[in-house]
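Let me begin by presenting the structure, written as structure tokens, before commenting on it.
Values in this document were obtained by computation on a predicted structure and should not be read as measured data. Atoms within a ligand are numbered from 1 in the order they appear, just like the ligands themselves.
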Amino acid sequence: MKNLLAKGISAAVILPMVLAADGPMVPDYEVHLLLDPTVVLGSDFKLTPTVLSTFAMPTTVTKINVQYIDTVSEDLYNNGWSCRIRNIENESGFDLTYKWRLPVNNGDINGALNTAFSYGWNSGQGNYNAQIDWLYASQTLSIQRDYTASSKGYSGTDDPDESDSRSMLESNAPNMFNDWVSDNWGTDLLESGVIYGPVLTKRSVGTWNGVELDIEVWPIENSSGTGIDYIVEASFKTDNYTFASAGRDQLITLLQNESWFLADSLSKEDLVMENYHPTS
Ligand SMILES: *[C@@H]1O[C@H](CO)[C@@H](O)[C@H](O)[C@H]1NC(C)=O
Ligand SMILES: *[C@@H]1O[C@H](CO)[C@@H](O)[C@H](O)[C@H]1NC(C)=O
Ligand SMILES: *[C@@H]1O[C@H](CO)[C@@H](O)[C@H](O)[C@H]1NC(C)=O
Ligand SMILES: *[C@@H]1O[C@H](CO)[C@@H](O)[C@H](O)[C@H]1NC(C)=O
């Protein structure tokens, strides 16, 4: 290498050799399973004491106010992207997430990682996290990047209004998102972004099988906008496939035995995008 440089070979020639060391991204895993709201929630729409004690959860919850920004015709979503803004109780600032998704076909996780690699997602992108979201009957590769934006002028769990939401997402937009289809594709679309949501969710944090287990309750408007559907989702994270797979089987068995299980693969975000119909 020293010799080549000494002979005047430019750094540009060396660079591809360095990049070649990067392969597909290495994901961690999050298992998501749904619970039957008619069984696990009391009349106050809180988790029953039996559910809380099963997962060693306190009665206190963390409120998280979630909204997505997209165009009225959902151009970001239809291109695999989502822009999420969250206000997490007692944390300073808004949490911004740019997330790209690819369905995993028939459990072929490596195939999805290789496809993502061909789109430019590689293990050298340290600011992004790759995760396999493992639902009851489906898996999705999610690649995301997070930022924090100032919540000055807002209080409690309020989310930013439309204009502030647009500008904080535009000013933080990372290149992979912004130039996905063409230069400035992302920020151009955000210019006409509208709010899907907000949904004031509640998270309970417990322990199960030696790892943190969360249960989130999402009150989502129903499709006619005249009532609320409660989505209750249990989830745990791990960095390895073996634990994700075995843990998922064990958790399904436990939930089934308690008659808490809902054998469905609904994604909370998909439901928000389907059921909220902002027009301006
Ligand atoms: C947030 O802070 C308030 C006031 O200190 C406290 O009562 C509440 O329990 C906190 N919530 C969480 C989830 O920590
Ligand atoms: C939405 O909820 C309301 C109130 O519970 C109900 O009357 C209506 O049928 C629901 N609509 C749909 C599409 O589920
Ligand atoms: C797999 O993940 C579990 C839980 O996160 C951890 O306890 C275990 O040590 C991991 N195993 C390996 C081989 O990394
Ligand atoms: C199955 O459920 C019953 C009744 O709730 C409970 O007593 C038993 O411990 C459960 N078994 C397992 C393996 O979770």
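Near V61, with a cut-off below 4.0 Å to any heavy atom, the atoms of ligand 1 are 13 (C). Near E89, meaning under 4.0 Å from any of its heavy atoms, are these atoms of ligand 1: 1 (C), 10 (C), 11 (N), 13 (C). Close contacts of ligand 1 with N90, meaning ligand atoms under 4.0 Å from a residue heavy atom, involve 1 (C), 2 (O), 3 (C), 8 (C), 10 (C), 11 (N), 12 (C), 14 (O).
By the 30° and 60° cut-offs, the orientation of the rings of W81 relative to W100 is tilted. The aromatic rings of F236 and W208 are tilted relative to each other, their planes meeting at an angle between 30° and 60°.
In this structure, a donor-acceptor pair under 3.5 Å is absent between the side chains of T201 and E216.
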Check: every ligand 3 N/O to protein N/O pair under 3.5 Å:
unit_1, atom_1, unit_2, atom_2, d
ligand 3, 2 (O), T238, OG1, 2.9
ligand 3, 2 (O), N240, ND2, 2.3
ligand 3, 5 (O), T238, OG1, 3.1
ligand 3, 11 (N), N240, ND2, 3.0
ligand 3, 14 (O), N240, ND2, 3.3

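Taking the side chain as every heavy atom from C-beta outward, M176 and R145 never approach each other to under 4.5 Å. A 4.5 Å side-chain heavy-atom check between R84 and V66 finds at least one atom pair inside the cut-off.
Polar contact check, S223 against ligand 2: no nitrogen or oxygen pair lies under 3.5 Å apart.
Contacts between N222 and ligand 2, counted as non-hydrogen atom pairs separated by less than 4.0 Å, involve the side chain only.
Aromatic rings of Y98 and Y147 (six-membered ring for Trp) have centroids within the 6.0 Å cut-off, being under it. Checked against the 6.0 Å centroid criterion, the rings of F261 and Y136 qualify as a close aromatic pair.
Ligand 1 has at least one atom lying under 4.0 Å from a heavy atom of T62.
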Table please: side-chain donor-acceptor pairs of residues 42-59 below 3.5 Å, with sequence neighbours left out.
unit_1, atom_1, unit_2, atom_2, d
D44, OD1, K46, N, 3.1
T48, OG1, V51, N, 3.4
S53, OG, P49, O, 3.3
S53, OG, T50, O, 3.2
T54, OG1, T50, O, 2.7

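Around OH of Y154, the count of heavy atoms belonging to other residues, nucleotides or ligands within 6.0 Å exceeds 12.
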